[in-house]
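Numbers restart at 1 for each chain; the letters A, B, ... are given by sequence-line order, proteins then strands.
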Amino acid sequence: MRKQTISKKTSGVGCEYVGQSGTLGRLAHCTPIVATAMPAPSSNPLADLPPNVQQEISKLLAKLRRRQLLNSLDVARKTLEIMRLLVATSAAAQATDVNSLIKLIKRAGAVMVTAQPHELVIGNMVRRVLAIVRDETRDGGNKPFKAGDAAAASGGDAASGGEQTVHVAGPSLMSLLDAPEALDYSRQSLKALKGPIIEGIAEVMEELSTVSAHIAEQAIQHIHANEVVLTHGRDPTVEAFLKAAAKKRNFDVIVAETAPGGEGQQMAVALAEAGISTTLIADAAVFAVMARVNKVIVGAHGVMANGGLIAAAGSHLLALAAQHFSVPVVACAGLYKLTPLFPSGPDSFNMLLSPQPMLRYDEGLQGVHVPNPAFDYVPPELVALLITNSGPSHTSYIYRLLAEYYHPEDQDLSEVHG
Amino acid sequence: MPAVSKAASKAAAAYTSFLAEDPVAGPSAAAIKALTESIKGSSATTIMGLSEVLREAGAALSSLRDAPMSIASLCELFVRFITRTALEARDFDDIRRLLIERGEMLARTTIEARSKIAKIGAPFVDAGGVVLTLGYSRCVVALLLAAAKTKHFSVIVAESHPQGDGHTTAQQLAQAGVPVTMVEDAAVAYVMTRCQMVLCGAEAVLESGGVINKTGTYQMAIVAHAFKKPFYIASESTKFARLFPLSQNDLPEHESAREHAAFVGRGPPPPPLIAEKPSRDYTPPNYVQLLFTDLGVLTPSAVSDELIKLFD
Amino acid sequence: MAPKGGKKDDDLAQQEVLQAVVLADSFASHFRPMTFQMPKVLMPLGSVPMIEYTLEFLAAGGVQEIYIFCCAHADEVERYIVESDMERRLATVSLHVLKSQGECMSAGDALREVEARGVIKSDFVLVPGDVIANLSLAPLIAAHKARREVDRDAVLTTVMARVPASHRARRGGEEKLVALSGETGRLLMYDEAVKEGWATKVRLPMALLQETDRFELHRDLYDTHIDVCTPELLVLLQDNFDWQDLRRDLLPGVLGQFEMLGKTIYTHVLSTEYAARVHDPHTYDVVSRDLLQRWAFPLVPDANLLPGCSYRCTAHCVYQEAGVSLARSAAIVRDSAIGEGTTIGERTVVEGSVVGRDCVVGVGVTLSGCYLWGGVIVEDGATLTGCICGEGVRIGLLAKCSAGTGLTLLGPGGHGRLWKVVPTAASLGFDRPVAQGQCDDELSEEEDEELEETNLEDVENEQFATAVRELIRDALRSADKDDAVENLALELNGLKFGADRTFADSVRAIVPPLLAEAASAPTKKAKVANLKRALEKWAPLLKKFVQSKADQRALVEGVAAACEQANEGLLEVFDHALKLLYDREDDLLDEQAILKWAAAVEEEAEEGSLEERLLQQADGLLKWLRESDDEEEDDDDE
């Protein structure tokens with residue numbers, strides 16, 4: 001045993017190192033100046049949820065974090081499965097009334113959305129489920145409006161007390177002078193509503209599985225014979241769209257390569273294998289070929305509440321070039337990509353990828369910043385038509401679709417009332 | 001007949017006193033309170049009577065100098081409400097009571113509306129950005145103050161000569177520590193490249209989704225459009241009006257009492273010179289990106305939807 | 001037979017489970033004094049403990065069971081893993097913490113203990129707990145398995161990244177020379193020594209050269225310390241219990257004894273994926289920057305691995321959590337992260353720094369390449385460059401702290417453990433740990449001179465030398481036995497490991513006692529004869545310890561020290577000693593080493609000192625060496 005003193009300063013406590021064979025000094029005792037620097041692990045934000053739901057959420061978030069699940073449709077489906085599991089096992093979390101279920105769903109949604117803010121479909125599906133819950137409560141439970149209001153709500157149809165033809169959600173001019181909404185969710189029992197809610201979720205999942213087919217079957221209405229279509233990136237919806245049209249029509253497709261990810265190249269190969277006459281161009285050549293293009297067809301990662309698109313990087317350039325030549329830009333996106341959020345500020349909902357495809361690490365440039373954004377924002381005025389699984393619509397019509405599927409109280413998932 | 005005009009003048013007096021009492025709440029809230037007062041004080045016994053009372057009070061308020069345009073839409077709202085409640089309320093007293101109750105509630109919620117708007121609109125201000133605004137709007141100032149709590153940005157205010165409402169905005173923002181630059185109205189195009197967004201209030205929001213606001217707003221919107229800067233409007237939903245102007249000539253008549261800015265210190269305009277001093281202009285909806293209202297963030301097309309739902 | 005069948009399936013299923021071993025102790029001392037109080041793997045890198053990145057990388061690669069082997073601060077590591085709910089967050093792995101039960105001093109010991117526990121069933125991934133990587137393990141493991149089918153003797157696949165020596169990630173002066181087989185990627189040579197200039201020759205064993213047709217020599221490979229190992233490797237480690245360090249002992253051992261052991265090692269070279277290890281402050285800085293610049297995507301600060309983190313990425317790789325108070329004129333220039341609750345004052349410039357949570361940075365401060373872990377207070381006007389500040393450190397007014405400067409500069413009122421990073425080629429890490437007293441014991445500009453410090457290194461050296469001397473004295477008494485040399489070598493080796501000394505140190509300590517006896521002879525001739533006899537007997541021993549050029553230098557220094565110690569008795573035979581060593585057939589001593597020593601002495605030694613006189617003594621020898629050198633060169637020219 002050897003003892004060594006590091007500092008012979010007399011005041012204060014010295015530190016002694018007691019080494020057993022003198023190799024690694026092990027601290028015998030040394031009152032530290034400060035607490036150890038280990039970060040305090042935060043508490044589990046999912047603690048209220050049933051444990052199997054927690055596990056599923058952790059698995060989904062882990063997959064998303066590791067970029068192992070990239071298809072939005074799969075993410076949406078997984079989110080709905082988690083929601084269904086949550087509703088089915090809500091009893092395990094002591095949720096017996098609708099309000100506590102809503103709180104649980106919002107909590108789960110808020111955690112998932114905070115962990116993956118750019119994966120918009122998660123928030124969309126959670127809000128869909130919440131809207132289903134509220135609708136079922138409204139229809140199945142006590143009538144929320146007073147008798148007179150119900151009549152007014154059905155907009156003069158005089159169908160009082162029956163089904164509601166207009167989904168009137170949240171504040172509107174009409175309700176400005178009304179008493180505050182009398183629906184108290186905490187007094188609605190969950191038991192009878194569980195079944196209808198789960199059925200509602202199953203309907204949405206059913207809708208998800210037919211999205212691609214419904215969009216593809218509209219293809220022949222929009223692509224005509226001998227047209228030249230320009231696209232980029234590799235969106236499965238657009239791919240299905242073009243392939244469906246190719247079955248009945250002859251047309252040419254020009255694909256921009258979408259460097260540095262190279263998704264455009266993969267798309268070109270896929271289309272060529274399907275027998276479509278395809279041309280692959282560099283992104284820089286888009287303006288040069290645009291004069292010969294009849295339409296531009298792009299996919300979207302998300303459709304924002306103002307009708308703007310979050311789409312693959314390079315889409316804004318494509319849309320501006322198209323605008324210059326008065327070429328219509330058509331976006332194909334399922335309704336599950338519709339988000340009630342507005343793009344605020346630059347780079348909202350964007351994700352920066354690794355610089356690796358553009359600059360290899362061993363090329364090591366000091367002081368050179370290499371951003372590699374995954375997405376682009378396309379303003380709504382540049383998009384001529386939005387093709388969804390429920391048909392074509394204009395970007396200025398988005399607010400209508402939003403009102404149909406989402407409830408304004410669910411806009412902010414972290415805000416919980418009552 | 002004298003009773004009617006007396007009620008009307010009482011309404012006008014009430015409005016003025018409410019406005020003086022609580023200038024922060026703004027003319028809309030004062031107008032709502034005045035209209036509620038006129039219902040309280042009326043001796044009408046039928047629904048038609050009530051509607052008449054409201055219409056006359058509204059007309060009286062609108063004829064006041066510098067009365068906001070929202071008064072007309074407020075009256076419409078009240079009248080609509082009467083019609084609707086008439087269908088299910090039991091008797092007249094019930095309707096009257098209900099109307100008074102709801103009127104008072106509306107006055108309260110109008111003040112809350114401003115903080116709702118501020119909360120909705122604050123995320124749209126970019127950190128480190130520059131916001132351009134015109135004149136003075138309580139909603140706009142509330143929005144900018146809410147944003148200033150969490151991010152750093154600066155503001156350029158166009159003065160809105162000759163009333164100089166811009167000075168009020170500048171003062172209130174500067175007190176909160178926001179760096180403010182004051183420019184003349186003619187310099188709006190000059191500073192536009194520096195700005196990230198343009199934010200204005202509205203005196204009335206129209207069925208087309210366009211807005212009526214102080215003169216100079218349309219100009220600012222056109223310049224913003226030319227420079228591809230987003231143009232936002234912040235306004236309460238009580239200002240939604242059922243108008244559909246197709247050009248500047250279709251605006252309701254309004255003679256401003258102010259002095260003609262071009263003739264300050266020069267005496268009256270000598271003939272054959274014609275002097276026009278429009279107090280308001282109309283900004284068409286294609287120049288407006290979004291409206292921040294207490295009903296949420298709306299696109300111009302959504303506004304018309306709201307109005308249709310109400311007035312259908 | 002259902003149960004039996006089921007058992008078989010279970011066995012098969014068990015074989016499919018991919019396991020990994022994480023060594024949560026680096027067995028090194030680069031991060032002292034921080035690692036006196038906390039385990040290195042819990043040190044924050046971009047505000048997240050390093051082990052989180054390693055475990056996330058393994059989980060993402062499809063590993064199903066991770067065994068975390070802890071030695072120092074084992075309880076803290078275990079507590080962290082349990083309290084932070086790591087298993088739930090990783091979602092696809094099961095974590096097992098193994099705490100060292102014996103005395104564990106190196107990675108080799110650690111793996112021996114892991115083997116003893118019997119948890120490893122098949123090929124496994126071995127990483128230290130401070131690796132940040134985004135490479136996908138699946139193709140790596142598939143390739144490893146495929147190779148095992150073909151070559152049964154493959155025990156290890158290491159992963160290296162192609163990073164040229166001039167890259168900022170590589171410290172100048174630290175070169176690795178790696179030889180790979182062109183076709184199979186088999187590792188043929190791995191030379192890790194710190195070189196002070198370029199060697200003119202490289203020694204390659206013939207046996208290895210014969211194994212391949214195409215031979216690649218690499219200077220640009222960077223060792224990521226990610227290995228895919230086989231259970232045979234663990235057996236090898238059990239057998240060769242003196243193999244301590246995985247790179248200094250295991251690799252040269254397996255490669256050097258290829259003829260005997262017959263085991264092969266393969267290398268996987270990364271080209272587009274990122275992998276790096278944080279093993280000293282320089283790499284801490286480099287890897288932090290890489291992390292902030294998103295090279296390790298999807299491991300980025302805004303992935304918010306820890307619950308409750310809310311980092312968002314803004315322009316120029318600046319990450320900010322919610323709840324940060326930035327003054328209007330404060331500038332966060334690039335490649336930085338600011339944690340929640342931090343306040344940054346006016347006119348402060350932050351560049352390339354990670355500021356943790358709840359820090360208070362004053363007015364007019366410049367932070368460049370600094371790492372402030374939580375709760376740090378930096379007062380107005382301070383300038384910090386290249387510093388790591390632990391929790392709760394307070395940097396006083398107008399302090400200037402930067403790499404390589406003296407220790408005065410905490411400023412009035414400043415306190416904390418001050419620890420400098422010296423990023424030069426020669427010295428790795430820091431020289432003297434400065435441990436100050438308690439909070440009230442502030443270091444200000446006047447007081448530093450009073451600190452008496454003992455150089456830890458010198459004390460240890462002294463004790464080692466004494467121990468060696470005693471050992472040799474004992475051995476010399478019983479020097480007649482046949483295997484005396486072997487025995488002594490073994491014992492000295494043990495002592496060397498125990499005291500964590502290098503070969504050079506050992507040589508310096510061994511030579512004086514060996515030659516001391518010769519000094520007692522009366523005449524010069526007798527002395528020379530004694531020397532000759534001693535060297536004849538003990539040269540094989542020396543050969544075991546002289547492995548590199550540095551060791552040869554040490555040999556010369558040892559002889560010089562021997563002359564010094566024996567009351568200058570050996571002074572007159574100094575040159576004979578050198579010549580005897582030089583003349584030996586087994587190339588124990590090269591002329592380069594002698595000449596270099598001479599050059600160094602010429603430059604540094606003072607007038608009239610012992611070294612001067614030794615130099616004079618050896619003058620003849622040196623002249624002869626230099627002339628023969630010239631002759632050789634002339635011959636080459638012709």
request  = Return the option, out of C:A91, C:S136, C:G375, with the maximum number of heavy-atom pairs under 4.5 Å with chain A.
outcome  =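 Answer, by heavy-atom pair count under 4.5 Å with chain A: C:A91.
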task = Find out whether A:P371 and C:H316 are in side-chain contact, i.e. whether some heavy atom of one side chain is under 4.5 Å from a heavy atom of the other.
result =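 When only atoms from C-beta onward are counted, C:H316 and A:P371 do not touch, as no gap falls below 4.5 Å.
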query = Would you say the side-chain atoms of C:R294 pair up with the backbone N or O of A:L352, donor to acceptor, closer than 3.5 Å?
reply =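 Indeed, once roles are kept as given, a pair shorter than 3.5 Å links the two residues.
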message = Given 3.5 Å as the limit, does a donor-acceptor pair link the side chain of A:Q68 with the main chain of C:A60, or not?
response =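 Yes, A:Q68 side chain to C:A60 backbone: donor-acceptor pair under 3.5 Å.
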request  = Start with the C-alpha distance between A:H369 and C:C317, add both sets of side-chain angles, then the distance that settles side chain to side chain contact (heavy atoms under 4.5 Å, CB included), and finish with yes or no.
outcome  = CA-CA 8 Å; A:H369 177 56; C:C317 295; 3.3 Å; yes
Just verifying a value: how many Å separate [X] [atom1] and [Y] [atom2], rounded to the nearest 0.5 Å?
X: C:D220; Y: A:D362; atom1: CG; atom2: CG; value: 8.0 Å
X: C:L90; Y: A:R65; atom1: CG; atom2: CZ; value: 6.5 Å
X: A:L46; Y: C:R89; atom1: CG; atom2: CZ; value: 11.5 Å
X: C:D85; Y: A:S58; atom1: CG; atom2: OG; value: 7.5 Å
X: A:R67; Y: C:F297; atom1: CZ; atom2: CZ; value: 4.5 Å

Using heavy-atom distances under 4.5 Å, tell me whether [X] contacts chain A through its side chain, its backbone, both, or neither.
X: C:E273; result: backbone
X: C:N134; result: neither
X: C:A59; result: both
X: C:V286; result: side chain
X: C:R289; result: neither

query = With under 30° as parallel and over 60° as perpendicular, where do the rings of A:Y361 and C:W295 fit, or are they tilted in between?
reply =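 Plane angle over 60°, so perpendicular.
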request  = Sort A:P355 into side chain, backbone, both or neither according to what part of it lies under 4.5 angstrom from a heavy atom of chain C.
outcome  =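 For A:P355, backbone and side chain are both near chain C.
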request  = Check each atom of A:P357 against the heavy atoms of chain C and say whether the ones under 4.5 Å are side chain, backbone, both or neither.
outcome  =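 Looking at A:P357, nothing touches chain C.
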ask   = Is there a donor in the side chain of C:T92 and an acceptor in the side chain of A:R66, or the other way round, less than 3.5 Å apart?
value =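 A donor-acceptor contact under 3.5 Å links the two side chains.
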key: Within 6.0 angstrom of A:R77 CZ, more than 12 heavy atoms from elsewhere   =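 It does: A:R77 CZ has more than 12 such atoms within range.
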request  = Would you name the heavy atoms of A:Q54 and C:R88 that are closest together and state the gap between them?
outcome  =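 Between these two residues, the closest heavy atoms are OE1-CD, 3.7 Å.
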